[in-house]
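For reference, the structure is listed below as structure tokens.
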Amino acid sequence: MSAFLWGTAGLSPADWWQLFAHFTLLSLLAIGGAITTAPDMQRFVVGERGWLSDAQFTVSVALAQAAPGPNVLFVAVVGFNVGGLAGLLATLVGTLLPSTLLTLAATRWGEQRRESRAVRAFTAGLTPLTIGLLLASGWILLEPTRTHPGTAALVAATLWLMLRTTWSPLWPIALGAGVGAAGLL
């Protein structure tokens, strides 16, 4: 029961605080959703702290993205894999609390001024930033299979489908899951 609550990483109180604080900071930088900060989450928990391997991080994200529910579920899975239930709470509360409070305040402010030129320009300016962050997240998640020739074909097919058709994104996700389940990638 203790391993379920606290994980097996043997984190110190300072580690728990750093995990919470890092995810809190990332929450405030997550323009376009939590998935856009996945590269820095990976850098922190894999590269800097060594709490997870690249494969564990990628599987955590993939598992949560395949499950029904909100996109932010991967934060909870990463946290759980780092430190059990306490890790889940540290990462999820760290991710949700500041962004929720900031979003509430900004939404109220923006609604009162939605017709102003500055608010419209700010909103339009976020589009390329969000696209760039999503591309960086995709690059990190491709790490385990990036050199496989089938990866490029699967990514190209997905991009083509998303840009040229009105198909649901669930179809390329299902295709990727099928290719992975068949062991082809």
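FYI, the numbering just counts along the sequence from 1. In what follows, every heavy atom counts, from backbone to side chain, and hydrogens, waters and symmetry copies are set aside.
Take Phe20 and apply the ring pair (Phe, Tyr, Trp, His ring centres under 6.0 Å) test, not counting sequence neighbours, and it matches Trp17.
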Return a table of donor-acceptor pairs under 3.5 angstrom between the side chains of residues 172-185 and protein atoms on other chains or two or more places apart.
none

Residues 159-168 side chain polar contacts: donor-acceptor under 3.5 Å, at least two apart:
from, atom 1, to, atom 2, distance (Å)
Thr165, OG1, Leu161, O, 2.5
Thr165, OG1, Trp167, N, 3.3
Ser168, OG, Leu170, N, 3.1

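No side-chain donor-acceptor contact under 3.5 Å links Thr151 to the backbone of Thr147. Remark: the backbone N or O of Val119 is not paired with any side-chain donor or acceptor of Arg114 at under 3.5 angstrom. Checked by atom type and distance alone, the side chain of Thr145 never pairs as donor or acceptor with a backbone atom of His148 at under 3.5 Å. Judged by distance alone, the side chain of Thr107 and the main-chain N or O of Leu104 form no donor-acceptor pair under 3.5 Å. Counting only distance, with no hydrogens or angles, the side chain of Thr58 and the backbone of Ala55 share no donor-acceptor pair below 3.5 Å. Between the side chain of Arg120 and the backbone N or O of Glu115, at least one donor-acceptor pair lies under 3.5 Å.
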Test log, rule side-chain contact (heavy atoms from CB on, under 4.5 Å), inputs Ile140 and Gln42: CA-CA 8 Å; Ile140 291 294; Gln42 187 267 355; 3.9 Å; yes
side-chain contact (heavy atoms from CB on, under 4.5 Å) assessment of Trp51 paired with Gln56: CA-CA 10 Å; Trp51 291 328; Gln56 288 172 313; over 6 Å; no
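Residue Val46 is grouped with residue Val82 when hydrophobic side chains (ILVMFWY) are merged at heavy-atom distances under 4.5 angstrom, including chains of intermediate members. Phe57 is connected to Leu19 through a chain of hydrophobic side-chain contacts under 4.5 Å among Ile, Leu, Val, Met, Phe, Trp and Tyr, so both are in one cluster.
Residues Val78 and Val45 come closest through the heavy atom pair CG1-CG2, 4.3 Å. Shown here for Thr37 and Leu26, the closest heavy-atom pair between the two residues is CG2-O, 3.6 Å. Considering every non-hydrogen atom in both Ser27 and Gly94, the closest pair reads CB-O, 3.6 Å.
Between His22 and Phe44, the two ring planes are parallel [angle under 30°; tilted spans 30° to 60°].
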